[in-house]
Q: 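Just passing along the structure, written as structure tokens.
When a residue number appears, it is its place in the shown sequence, counting from 1.
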Amino acid sequence: MNEDLIFGFFMRFVVLALLGIMLSSPVFAQCDGRLIAEGAFLHPPLCAPKEPKRIISLVPTFSLGIALELGLPVVGAPLFGMSDEDLKSKAEAAGVVDLGSFLEPSIEKIVALQPDLIIGSSFLGEEAYQMASRLAPTALLTGANWKEFYRTLANIAGVDDGIEGRFAEYEKRVAAVRERVPKDLRVSVVRITPWEFQVFLDEPNAWAPFDVLRKAGVRRTDFETSETNVGTKRIDFEGLAGLDGDILLYIVGGSNDSATSGRHEAVLTNPLWKMLPAVKAGRVYRVDAGTWIEFNGLASANKILDDIETYIIPRP
């Protein structure tokens with residue numbers, strides 16, 4: 001992530017402080033709402049509104065998508081540059097005000113929307129938390145597991161009744177898909193970026209789309225599997241040789257220009273790409289960047305299951 005852009009994001013909050021927009025003391029110095037003493041978010045306890053009415057999401061992925069799935073009153077979020085068109089359309093239909101880019105949202109719009117709760121992810125950092133929490137109670141969630149994130153946000157918003165029912169329905173579908181996934185099949189997945197290839201590993205705390213693959217019984221290659229939490233392998237053309245699965249799924253575009261700059265075509269015509277077993281067998285498929293990179297809740301999880309049924313499970 002561009003450090004200058006992140007610094008600019010923080011500095012805009014500082015400008016607000018200099019203008020006197022921020023409060024002189026923390027918003028929840030005296031809690032008149034729901035005091036949440038523990039949770040997977042920065043700096044508990046959190047004084048959350050009893051019934052939030054005007055929620056700002058600082059990121060357009062986990063917190064926005066899950067908040068909308070939970071039916072929360074989101075009034076603003078950074079929608080610019082989103083590659084998940086379904087989520088963007090859902091946000092616009094719900095009347096969510098576009099705050100611009102998540103790296104540099106419009107602070108003026110955030111203030112004008114008068115949020116009573118601000119949500120986001122902890123990767124925004126400590127400065128962002130300190131500044132935002134002077135505008136409204138702020139929960140920057142730290143959970144790496146998408147289900148934990150879901151449960152934490154539901155608890156913060158006071159809408160956790162029935163949440164397990166949502167997951168039970170999803171888990172029922174996962175079990176049905178797992179029964180149909182071929183046990184002897186190996187699947188490779190790679191993301192094409194303008195400068196390298198990224199391999200999100202099958203591991204205990206895998207990034208959400210790959211956690212869905214893992215739970216659905218999809219087996220990856222040895223190169224793409226780890227018993228520890230490595231995260232992501234970054235490889236060049238020579239490193240593609242490790243992607244020797246029977247099927248290859250690839251992600252291109254989204255938050256970068258690899259789909260439009262000529263990089264996509266350059267990769268697909270490269271001899272090292274053409275040598276991959278799945279490519280030679282004609283079993284290579286492009287999957288949606290909005291789903292696989294901007295994963296944002298149960299809707300995304302079900303889209304991953306759709307891809308498994310479309311590309312991995314043999315058709316009758």
Q: Compute the centroid of each ring, for F210 and then for W146, and state whether the two points are separated by less than 6.0 Å.
A: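 Not under 6.0 Å, so no.
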Q: Could you walk me through whether L153 and I119 pass the side chain to side chain contact (heavy atoms under 4.5 Å, CB included) test, one step at a time?
A: CA-CA 8 Å; L153 184 54; I119 60 177; 3.9 Å; yes
Q: Under the side-chain hydrogen bond (donor to acceptor under 3.5 Å, both in side chains) test, which residues partner T193, sequence neighbours left out?
A: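 Result, side-chain hydrogen bond (donor to acceptor under 3.5 Å, both in side chains) vs T193: none returned.
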Q: May I ask you to check whether over 12 heavy atoms, not counting those of F80, lie within 6.0 Å of atom CZ?
A: no
Q: Is the backbone N or O of V230 less than 3.5 Å from a side-chain atom of E203, with the two atoms forming a donor-acceptor pair by type?
A: yes
Q: Is there a side-chain contact between F62 and L141, using heavy atoms and a 4.5 Å cut-off?
A: no
Q: Can you tell me if R186 uses its side chain to pair, donor with acceptor, with the backbone of R219 under 3.5 Å?
A: no
Q: Between R54 (side chain only) and L113 (backbone N and O only), is there a donor and an acceptor less than 3.5 Å apart?
A: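 It does hold such a pair.
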Q: I need the minimum non-hydrogen distance between P204 and E227, along with the two atoms involved.
A: CG-O, 3.5 Å
Q: Would you sort out whether N155 and F41 count as a side chain to side chain contact (heavy atoms under 4.5 Å, CB included), showing the intermediate values?
A: CA-CA 11 Å; N155 180 46; F41 53 89; 6.0 Å; no
Q: Taking the basic N atoms (NZ, or NE/NH1/NH2) and the acidic carboxylate oxygens, is any pair closer than 4.0 Å for D306 and R173?
A: yes
Q: Please check this pair: side chain of S121 against backbone of F123, looking for a donor-acceptor N/O pair closer than 3.5 Å.
A: no
Q: Quick one: does T138's side chain have a donor or acceptor within less than 3.5 Å of a partner on A136's backbone?
A: yes
Q: Show the numbers, then the answer: is there a side chain to side chain donor-acceptor pair (under 3.5 Å) between E294 and S83?
A: CA-CA 7 Å; E294 294 182 2; S83 57; 3.0 Å; yes
Q: Determine yes or no for a side-chain-to-main-chain donor-acceptor pair under 3.5 angstrom, with T61 supplying the side chain and F295 the backbone.
A: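 Checked: no pair found.
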Q: Has S258 got a side-chain atom pairing as donor or acceptor with G253's backbone, closer than 3.5 angstrom?
A: yes
Q: Is there a side-chain contact between I313 and V181 (heavy atoms, below 4.5 Å)?
A: yes
Q: Go through the steps for S63 and F149 under the test side chain to side chain contact (heavy atoms under 4.5 Å, CB included), then give the verdict.
A: CA-CA 8 Å; S63 58; F149 196 106; 4.1 Å; yes
Q: So does K183 have more than 12 non-hydrogen atoms from other groups sitting under 6.0 Å from NZ?
A: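 Above 12, so yes.
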Q: Compare every heavy atom of R315 with every heavy atom of T310, then report the nearest pair and how far apart it is.
A: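 Here T310 and R315 meet closest at O-NH2, 3.7 Å.
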Q: Taking E164 first and then R151, would you say they form a salt bridge - that is, a charged N and a carboxylate O separated by under 4.0 Å?
A: yes
Q: What do the steps show when you test L298 against Y150 for side chain to side chain contact (heavy atoms under 4.5 Å, CB included), and what is the final call?
A: CA-CA 9 Å; L298 278 168; Y150 213 113; 3.6 Å; yes
Q: Mind checking whether F223 and L243 have side chains closer than 4.5 Å, heavy atoms only?
A: yes
Q: Can we say D211 and K147 salt-bridge, meaning some charged N sits less than 4.0 Å from an Asp/Glu carboxylate O?
A: no
Q: So which heavy atom on R220 is nearest to which on L201, and how close?
A: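 Nearest heavy atoms, R220 then L201: NH1-C, 4.1 Å.
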Q: Before giving the answer on salt bridge (Lys or Arg N to Asp or Glu O under 4.0 Å), spell out for R180 and E309 the whole-Å C-alpha distance, their side-chain angles and the decisive distance to 0.1 Å.
A: CA-CA 9 Å; R180 297 159 56 205; E309 292 183 322; 3.0 Å; yes
Q: Would you indicate whether R166, at its atom CZ, is surrounded by more than 12 heavy atoms from other residues, nucleotides or ligands within a distance under 6.0 Å?
A: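 Buried by this count: over 12 neighbours within 6.0 Å.
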Q: Hey, what do you get for OG (S133) to CG (L42), rounding to the nearest 0.5 Å?
A: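 With rounding to 0.5 Å, OG (S133) is 10.0 Å from CG (L42).
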Q: Got a donor-acceptor contact below 3.5 angstrom from the E38 side chain to the P44 backbone?
A: no
Q: Using a cut-off of 6.0 Å, state whether more than 12 heavy atoms not belonging to D236 lie near its atom CG.
A: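 Correct, the count exceeds 12.
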Q: When you look at F197 and F237, which way does the ring pair (Phe, Tyr, Trp, His ring centres under 6.0 Å) test go after all the steps?
A: CA-CA 8 Å; F197 300 95; F237 271 104; 5.1 Å; yes
Q: Show me the pairs that pass ring-ring contact (aromatic ring centres under 6.0 Å, His included) and involve residues 246-271, at least two apart or across chains.
A: Y250-H264, Y250-W273
Q: Please confirm whether the backbone N or O of D98 pairs with a side-chain atom of K109, one donor and one acceptor, at under 3.5 Å?
A: yes
Q: Is a side-chain N or O of D246 found less than 3.5 angstrom from the main chain of L185, in a donor-acceptor match?
A: no
Q: Check this for me, if you would: do E69 and K90 make a salt bridge, where the nitrogen-to-carboxylate-oxygen distance has to be below 4.0 angstrom?
A: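 No, no charged N to carboxylate O under 4.0 Å.
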Q: In terms of side-chain geometry, is the basic nitrogen of E171 or K215 positioned less than 4.0 Å from the acidic oxygen of its partner?
A: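 No salt bridge links E171 with K215.
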Q: Show the nearest heavy-atom pair for residues A77 and V96, with the distance to one decimal.
A: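 That would be N-CG1, 3.5 Å.
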Q: Name all residues meeting the side chain to side chain contact (heavy atoms under 4.5 Å, CB included) criterion together with D257; count only those two or more places apart in sequence or in a different chain, and write none if there are none.
A: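 D257 satisfies side chain to side chain contact (heavy atoms under 4.5 Å, CB included) with P194, T260, S261 only.
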